[in-house]
Amino acid sequence: MKRRYLAGDQVCRGNLILVNKKHPLQSPEPADRVIFPGSGEELKAEAEQALERLVKAAEGEGELLLQSGYRTEKTQRELYADSLAENGPAYTAKYVAEPGCSEHQTGLAADMTVKGAPEDRICPEFSGESAVRFRKKAAEFGFIERYPAEKEPVTGIGAEPWHFRYVGVPHAGLMEQWGMTLEEYVNFLRKREGSRIICRTGGRQYEISYRKCPPGGMEIIVPADREIQVSGDNVDGCLITLISDAGEGGVP
């Protein structure tokens, strides 16, 4: 067994942090940002690498484009103000997050478009065969369609079929199979504190659990033969994923 200390600020860092109007971003600007090829747009390194692999798997190189990735709070504030002036409050509330409440400030969100589509900073076009392939393969590479049409009462945001969020494997696959948004997935795990969700995919086994994390941090004990991934929920706890090799199998 090995011990790992989680600092209190871990609750506001990681791939699964929930950022919305009720849960403003608390973490600092992500430092590990890289530019997605051909776009000039930045993402956190892990998300950028996964997006490159996803676009390639969808046979969309040169066709599928990253229109908007990481944004500073200043950029989000300007976009929000411009939309209010151009589109009015109802449209803006439906499609543009308030400054400090945008997933784009995490470096984990990607607004996608296709080559030749009309330019639209807020609602880009994302359609066609390559976009269909991208959407089908997204979860395999750790991405979810963040704002589905039928989930507007949950997310508080209108349908955005162009907006994808990196949450990592196996979480994206579980959310897709269970028909959950990030809000629903985090709440599902929070209600099961102390229990484990076990799944297998890609030849690996994942054990997922939730622990509340006090402001002073906490220590957790991990089996020596397991990898560990930790993400805060941006509220008061951490989602802990233990990883080990396993036989091939789908997500149960």
Side-chain angles (χ1 to χ4, degrees), residues 15-25 30 33 36 39-44 46-48 50-52 54-55 58 60 63-73 75-76 78-80 82-83 87 90-115 117-128 130-168 171-173 175-176 179-186 234:
N15 293 336
L16 290 161
I17 55 173
L18 180 60
V19 178
N20 55 30
K21 190 172 183 179
K22 294 181 180 178
H23 305 98
L25 187 67
R33 304 191 307 272
F36 187 77
S39 70
E41 293 290 321
E42 295 179 323
L43 291 171
K44 284 194 69 175
E46 184 179 343
E48 190 279 332
L51 185 61
E52 280 198 59
L54 171 54
V55 168
E63 174 71 16
L64 300 177
L65 308 175
L66 174 61
Q67 174 175 284
S68 183
Y70 168 72
R71 297 176 192 154
T72 65
E73 184 169 348
T75 298
Q76 187 67 25
E78 291 170 349
L79 182 65
Y80 191 84
D82 289 347
S83 182
N87 306 306
Y91 179 96
T92 300
K94 188 171 184 178
Y95 292 114
V96 186
E98 295 180 10
C101 303
S102 172
E103 289 196 325
H104 284 282
Q105 291 176 233
T106 69
L108 296 168
D111 283 355
M112 302 298 297
T113 190
V114 292
K115 184 177 180 180
E119 185 175 351
D120 190 324
R121 288 197 305 161
I122 297 175
C123 298
E125 179 182 328
F126 190 57
S127 60
S130 58
V132 170
R133 292 193 296 269
F134 179 98
R135 183 169 282 104
K136 287 182 177 179
K137 290 181 174 291
E140 181 182 343
F141 294 86
F143 285 89
I144 58 170
E145 185 179 324
R146 182 66 178 89
Y147 303 116
E150 70 277 9
K151 296 289 187 174
E152 184 173 346
V154 177
T155 64
I157 298 292
E160 294 192 357
W162 57 84
H163 182 113
F164 292 82
R165 161 69 188 268
Y166 183 74
V167 294
H171 309 286
M175 287 184 229
E176 181 177 71
M180 290 182 176
T181 62
L182 182 56
E183 284 85 356
E184 292 167 319
Y185 184 69
V186 169
N234 201 34

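Heavy atoms only: backbone and side chains are in, while hydrogens, waters and symmetry mates are out. None of the values given here were measured: they were computed from a predicted structure. Residues: numbered from 1 along the sequence shown.
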Write down the atom of [X], the atom of [Y], and the distance for their closest heavy-atom approach.
| X | Y | answer |
| --- | --- | --- |
| Pro30 | Thr106 | CG-O, 3.4 Å |
| Pro148 | Thr181 | CD-CG2, 4.4 Å |
| Ala172 | Gly142 | CB-C, 3.6 Å |
| Gln105 | Gly100 | OE1-N, 2.8 Å |
| Ile122 | Ser83 | CD1-OG, 3.5 Å |
| His23 | Leu18 | CB-O, 3.4 Å |

Do you know which of His104, Gln67, Arg121 makes side chain to side chain donor-acceptor pair (under 3.5 Å) with Asp111?
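Among the candidates, only His104 passes.
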
Rounded to the nearest 0.5 Å, how far does [atom2] of [Y] lie from [atom1] of [X]?
| X | Y | atom1 | atom2 | value |
| --- | --- | --- | --- | --- |
| Asn15 | Glu46 | CG | CD | 4.5 Å |
| Thr155 | His163 | OG1 | NE2 | 10.0 Å |
| Glu63 | Lys115 | CD | NZ | 7.5 Å |
| Tyr70 | Ser102 | OH | OG | 10.5 Å |
| Glu41 | Arg33 | CD | CZ | 11.5 Å |
| Cys101 | Lys22 | SG | NZ | 12.0 Å |

For Phe126 and Phe164, take the angle between the two ring planes, folded into 0 to 90°, and tell me which bin it lands in: parallel under 30, tilted 30 to 60, perpendicular over 60.
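Because their plane-to-plane angle is over 60°, the rings of Phe126 and Phe164 count as perpendicular.
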
Under the criterion side-chain contact (heavy atoms from CB on, under 4.5 Å), I'd like the reasoning laid out for Asp120 against Thr113: C-alpha separation, chi angles, the key distance, then a yes or no.
CA-CA 9 Å; Asp120 190 324; Thr113 190; over 6 Å; no

Name all pairs fulfilling the salt bridge (Lys or Arg N to Asp or Glu O under 4.0 Å) condition that reach into residues 99-108, sequence neighbours left out, sorted by first residue then second.
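Qualifying pairs, neighbours excluded: Glu103-Arg146, Glu103-Arg165.
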
For residues 148-160, pull every pair meeting salt bridge (Lys or Arg N to Asp or Glu O under 4.0 Å), keeping only residues two or more places apart or in separate chains.
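Those involving residues 148-160 are Lys151-Glu184.
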
Can you find a heavy atom in the side chain of [X] that is under 4.5 Å from one in the side chain of [Y]?
| X | Y | answer |
| --- | --- | --- |
| Val114 | Leu65 | no |
| Ile17 | Leu25 | yes |
| Leu43 | Leu66 | yes |
| Trp162 | Glu125 | no |
| Leu16 | Leu182 | yes |

Summary of side-chain hydrogen bond (donor to acceptor under 3.5 Å, both in side chains) pairs that have at least one residue in residues 135-144, sequence neighbours excluded:
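side-chain hydrogen bond (donor to acceptor under 3.5 Å, both in side chains) check on residues 135-144 returns Arg135-Glu145.
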
Stepwise side-chain contact (heavy atoms from CB on, under 4.5 Å) test for Leu51 and Phe143:
CA-CA 8 Å; Leu51 185 61; Phe143 285 89; 3.8 Å; yes

Verify side-chain contact (heavy atoms from CB on, under 4.5 Å) between Tyr80 and Glu98, making sure each step is shown before the conclusion.
CA-CA 7 Å; Tyr80 191 84; Glu98 295 180 10; 3.8 Å; yes

Could you please spell out the steps behind the side-chain contact (heavy atoms from CB on, under 4.5 Å) verdict for Val96 and Asn87?
CA-CA 11 Å; Val96 186; Asn87 306 306; over 6 Å; no

